[in-house]
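Okay, so here's the structure we're looking at.
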Amino acid sequence: MSLAIEFRGVKRSFGPVQVLHGVSFAITPGTVMGLLGENGGGKSTLMKILAGYLEPSAGEILVDGQPRHFRSSREAEADGIVLIHQEFNLAEDLTIAQNIFLGHEKTRGWRLDDEAMRATTAEVLRQVGLQASPDTRVRQLIVAEKQLVEIAKALARKARLLIMDEPTATLTPGETERLFALMAQLKGEGTTIVYISHKLDEVERVTDEVVVMRDGAFVARQPTASLTRHAMANLMVGRELSDLFPPKEPAPEGAPLLQVSGFQVPGWARDVSFEVRPGEILGFAGLVGAGRTELFEGLLGLRPGSSGQVQVAGVPVNLRNPREAANEGITYLSEDRKGKGLHVDFGLRQNLTLMDLKRYARPWLAPAREKEALAAAVQSYGIRTGDLDQRASALSGGNQQKLALAKVLQPQPRVVVLDEPTRGVDVGAKRDIYFLVQRLAREGRAVIVISSELIELIGLCHRVAVMRGGRLAATLQDERLTEEELIAHATGTR
Amino acid sequence: MPPAPVESRAAGARNAASLWGKLHGFGPVVGLVLLCIAGTLLNGEFATVDNGLNVLTRTAFIGIIAVGMCFVIISGGIDLSVGSMAALIAGCVILVMNKTAGSLGSPMLVVALGMAVALALGAAFGLAHGLLITKGRIEPFIVTLGTLGIFRAYLTYFADGGAITLDNALADVYAPVYYGNLLGVPFPVWVFAAVAIAGAFLLNRTAFGRYVQAIGSNEQVARYAAVDVDKVKVLTYMLLGVCVGIATLLYVPRLGSASPTTGLLWELEAIAAVIVGGTALKGGAGSVAGTVVGAILLSVISNILNLTSIISVHLNAAVQGIVIIVVAFLQRGRR
Amino acid sequence: MPPAPVESRAAGARNAASLWGKLHGFGPVVGLVLLCIAGTLLNGEFATVDNGLNVLTRTAFIGIIAVGMCFVIISGGIDLSVGSMAALIAGCVILVMNKTAGSLGSPMLVVALGMAVALALGAAFGLAHGLLITKGRIEPFIVTLGTLGIFRAYLTYFADGGAITLDNALADVYAPVYYGNLLGVPFPVWVFAAVAIAGAFLLNRTAFGRYVQAIGSNEQVARYAAVDVDKVKVLTYMLLGVCVGIATLLYVPRLGSASPTTGLLWELEAIAAVIVGGTALKGGAGSVAGTVVGAILLSVISNILNLTSIISVHLNAAVQGIVIIVVAFLQRGRR
Amino acid sequence: QAKKEVLGVSMPAATHSFMAGAVFWANEAKKDLEKANPGIQVIVKTAKDASEQANQLQDLVTVNKITSLVVFPFESAALTKPVAAVKAKGIYVTVVDRGLTDTSAQDAYVSGDNTAFGKIPAEYIAKALNGKGNIVALRGIPTTIDNERMDAFNAVMKNHPGIKLLDAKHGNWNRDDAFKVTQDYLTRFKEIDAVWAADDDMAVGVLKAIEQAKRKDIKLVFGGAGAKGAIKTLMDGSDPLIQANVSYSPKFMYDAIKMTGEARLKGQKLPANNIVPSVLITKANAKDFYFPNSPF
Ligand SMILES: Nc1ncnc2c1ncn2[C@@H]1O[C@H](COP(=O)(O)OP(=O)(O)OP(=O)(O)O)[C@@H](O)[C@H]1O
Ligand SMILES: Nc1ncnc2c1ncn2[C@@H]1O[C@H](COP(=O)(O)OP(=O)(O)OP(=O)(O)O)[C@@H](O)[C@H]1O
Ligand SMILES: [Mg+2]
Ligand SMILES: [Mg+2]
């Protein structure tokens, strides 16, 4: 049942840039293997090659000892190799069931067997813990739900080797737990699993073994039990990593910079009130569907019918669209990188400066100055790219995230809302982002962090607001700011 | 940690949204009903069975083409050439029928041959479009803008600038295809209904239809799902070509001739029917039923304009334009 | 990401591909050069300065409109009404000029007033389109299909079906705007060049141009990036309207009249110029220079056809169609 | 409501000055007829193409319950069956301008003379050039009538071997197209003696192109159909290139409607064929063809 895979000298280049430099290692059948590496290290590329989405420039892959050459994902799937993509691959206009069976429709003669497909879909959705009708259009799902659909899609394929490329990047603890249970079950049934994640605590919990890649090459392979998280991190970045979080600074005093009261987002949030002071880092915790993202989208005028009182520096404002928010000095980093965060078909430069074009247009745009800005951002955010002129779609997931972050910080906002700011970012870069966030606060900006990683919220924030079912359940700070308290308020057990 | 009972909220918000969605889906139907009421008020004769059948019969051409167009548009394509294609097919069919009339004996056989030619030509033209678009990787707009010129030029050439006319004897044999009826309902209406039902079935109940929607929604995803995107696209254009062929089959017995002005601007009408029917021009989702309603709605507008004389004849097009915009407004916000 | 699910060959050839990519960008230019060579071989008169200026001058109308259309298409929109809009603006300008000729004294003033009216009307129509599309949330295709009918119907109504003709005295004062020249180059060519250069600057060197591209590439992302999507969209339609106004300003002095056939199918020509010039119909990226080359290419085709008689006149449209497809093929694969 | 005679009129929409004139005259006829005879109602409909016209005929019969029809067919062949269907319902049918391919589908026929429309200019040009010279022609939209006129023109020119028809391209009865085609003719041919523009709208474009090119070799531009602007120019003698025209007046629409309406009211029939002759218009008789109120 289990599938044995071996990479032999796998190389891959994109144009002049070589991203895999002859990777060789084997995956032990029937285990859960963690694949670690910095952003842009080549993990996704290697796995796309394994799953038939890309071809290697050189080298080969052995499946159960036989060299196999997949020319399409369909061929790989025929061998039982299924990939859950890091970037979603869902047709937004189709329903969940239609997406899950796309290309693999069940038919009865000529006709699609929608009944059967719906039934199976309902079953896999139940397994991943997504409460949505199979007939819901994917367009209507929120990001975490789309991630669950991706997982469900892979489940429906009956994989013998399941590759999960950062499946939990947008999931909250509840869904993550359920996913782990599922993985344990699959492993028990003999499925081999490759698990890519930058959340080292998860890697520590669920994997039997880790393989580390750096700069497109194999670095190390160790039983998980023999490694601490710290050791994993050091292996990944190739140097000694000190503390992940900057030392906390005392919560600032003074008048609030952003004050929101009685805010409503139809269908998502009811009667939410909160405030942030300059220099303060305010976290938002909650389960998937708690309405955190939607609250802030409503606040920026992106969701029709939202209402409530908003004051910026004591002055009442009516933000009808993100432009008006930007004029008040408020910017928002979306959790949906591909759909809302970046123009993947644009160059890096055009993406970076889009929110701050005023600075580069006087009145003519100055590409030279934009290039300088890009060079500076690449430097300070650690964006790894072979070529500054390429399109954003050519960046690895984590590097896209860094670019998106750089973009919303370009206009020097007074208030910045970061929705899952470290989604898909490696530990080294995560640390940089945490220090960056603190620097922003120190400069007197108000920072709001929405995150599904509780440790991140606890390590970084002065206060954390917990949302449940569209309402603010509690705001925790100081000694009450613990994982147990957060979960208790988020799930409503307290 | 308990696997939490997730997101009742998300579901709640969606339910509200989908109710609205449903209402909006009826935009064209609401528009059609309002138009019919207006028509009846303006002229009592509007609401008669005869008039209704007349309108449906004449909608058949555009309606059948629009059903095919619906697939092309949902898949993210477009075809500007359908009017010219219909004209050229009509011309060729008439030429073939006239030529074989002597040699083939039975006029029934000749008519059958003509019909076969129409369908074959439609499929062939569609195939050519599909191949140029997928293998040649040229924008559908450009390909079909080019063939729009080419088809019409060749018809003009064959007709030597004038008209190609069906022999009278044949015309009489062929006429019932348009003028005949079954159970009091004219043949073209039956054919239209059959094409629409088959189209709806194909779109919603077969893997092909599913792929068409997937490609229009996100071509990359469809490729990743191992859908043979090129093949499906080629098939949509062929399907449209066959629909044009069918429409031509009904057109020829009606007017019995083809000339350089035959089918002029049908492409706009067909596309308008699809879009008024609620399909987005950028593809991904749409419905055959909406398209049918859209096509009927467009003919009802001109029918009503014919029935009344309240405004200057020069302003007919303005009224049509306004009604189209208003109907589209009724179902806005689905984007 | 390139379309093929499997891309080893594509990747291996990536170096070569980028060289190709550069060449592909020149597809329309290559096409134009080949056409010009063909033209010269077919008729020596083709390569004369006079003929060149004739072609450029008559390209000016469509070319100027195409520059505006380029923005609309890049932003992900479309405008089918430009031909009708040009006709209606021409009609209104002539009516206004004829009306004010008596009262305003100096004919120069009247002409200036006419020009102001043209630009104001263009901007106003563009504004109406933009608002219907953004605030009314109606598909651009539908809105402008509607106004296509409305504009032309009103022109026909004002002209009572015939032509609206500029008074002779005014026509003489106004004529130099079309027939005059500066340094031997006709005014319309200067205006065309100015519009093209301004357009290129606006698209590539201003925030507005960047926003237009951002919206066409992904409207949602642009909205989240604090781009005022609605405003920018409205502005693209207004810009196009103003371009139509400018084109009309050059058109009116040419024949001094507007009729229901004025500007017929200009929309297709303008859109074709944009797309032949390498802009994708679905928006996101494109170039003004390409558009200009596309527009010139289209006029050169018909100029060559007029200068020769090697094929049946009935087949002119076929030749045009084939050339358009071939040129598009030369620059395929940029999608 | 209780009109005893309902006369339907169906014709192409006014997309061209000539057709605008026809629509104008149809509406004039409606006004005059309805004023003079309270018992009649006239319904004028215009169509943008042949199939819309066929639809209109159906609607006139089914809904408007017409008792007589005056139809200016978009195209002869295409409208033959639909008109026959109308006649089969016992409705009196007068066909205008473009005769049906099956004449049994009509009761009466009123038309201009397309042969003369091509023949008269050919003869005039041949005479003016003394049987020797180079000419170019512009054609209309490819249609049967365009063919008829061109054939008639060519037939005359066959008798004048000294006259060379350099080329004949389609100007689509459109000023702009005619302008471009003429510009290119002028580029291509260095010696042109006369232009047969075959339509007064096209003549406007031809004249502008000649004026722009400052060409002096052309002695004559012959339009056609007697548009009011062209007639005025002829009357005033304001353009030396315009020396004559050929009549093809859209007023036959007025005559056809009026005659049909009056005959029907009296229970009479029209003569089967009523050809309105096309005649040569020169400065001498121009004022007889000048209708300042018509758009044409
Ligand atoms: N289509 C492409 N064109 C050009 N370069 C590419 C392309 N896809 C990936 N790359 C490059 O290959 C390298 C490896 O990318 P990959 O996505 O495999 O990284 P990763 O290890 O998955 O990183 P992350 O942790 O950020 O997801 C990166 O430098 C990326 O820029
Ligand atoms: N992100 C954007 N999206 C759309 N238009 C913009 C954007 N940024 C600037 N503009 C437009 O560019 C011009 C100059 O911009 P600037 O930001 O200086 O003005 P502003 O006062 O902030 O604009 P506004 O009042 O529209 O918010 C204005 O017309 C502005 O509306
Ligand atoms: Mg990755
Ligand atoms: Mg969220």
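Just so you know, these numbers come straight off a predicted model, no measurement behind them. Each chain gets a letter, A, B and so on, in the order its sequence line appears, and its residues count up from 1.
- The number of heavy atoms from other shown groups lying within 6.0 Å of NZ (D:K65) is above 12.
- Interface remark: D:A54 contributes backbone and side-chain atoms alike to the contact with chain B (heavy atom separation under 4.5 Å).
- Contacts of D:Q58 with chain B are made by both backbone and side-chain atoms, with heavy-atom separations under 4.5 Å.
- Put simply, CG on D:D59 and OG on B:S302 are 7.5 Å apart, with the number rounded to the nearest 0.5 Å.
- Heavy-atom minimum distance, B:F46 versus D:V63: N-CG1, 4.3 Å.
- Residues that satisfy the ring-ring contact (aromatic ring centres under 6.0 Å, His included) test with B:F187, not counting sequence neighbours, are absent from this structure.
- Between chain B and the residues D:N55, D:N64, D:V44, the largest count of heavy-atom pairs under 4.5 Å involves D:N55.
- The environment of B:Y154 atom OH is sparse: at most 12 non-hydrogen atoms of other residues, nucleotides or ligands sit within 6.0 angstrom.
- The backbone N or O of B:L264 sits nowhere less than 3.5 Å from a side-chain atom of D:K48 that would complete a donor-acceptor pair.
- For chain D, the option among B:N303, B:T48, B:N316, B:N43 with the highest count of heavy-atom pairs below 4.5 Å is B:N303.
- For D:D49, the part lying near chain B is the side chain, with the backbone staying farther off; criterion is any non-hydrogen pair under 4.5 Å.
- One distance of note links NZ of D:K81 with OH of B:Y179; it measures 6.5 Å at 0.5 Å rounding.
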Point to revise | Steps toward side chain to side chain donor-acceptor pair (under 3.5 Å) verdict (B:E45, D:T62) | key: CA-CA 8 Å; B:E45 297 291 336; D:T62 319; over 6 Å; no

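- In this structure, B:L255 and D:S51 have side chains that are in contact, with non-hydrogen atoms separated by less than 4.5 Å.
- For B:A317, no part sits under 4.5 Å from any heavy atom of chain D, backbone or side chain.
- Heavy-atom proximity under 4.5 angstrom to chain D picks out B:T156, B:D160, B:G161, B:G162, B:A163, B:T165 from residues 156-167 of chain B.
- Each of B:S259, B:S299, B:G44, B:G263 has some count of heavy-atom pairs under 4.5 Å with chain D, and the biggest count is that of B:S259.
- Residues of residues 99-107 of chain D lying within less than 4.5 angstrom of chain B, judged on heavy atoms, are absent.
- In the displayed structure, D:K30 atom NZ is contacted under 6.0 Å by more than 12 heavy atoms of other residues, nucleotides or ligands.
- Proximity to chain D at a heavy-atom threshold of 4.5 Å picks out B:D50, B:N51, B:N54, B:R58 from residues 50-60 of chain B, in numerical order.
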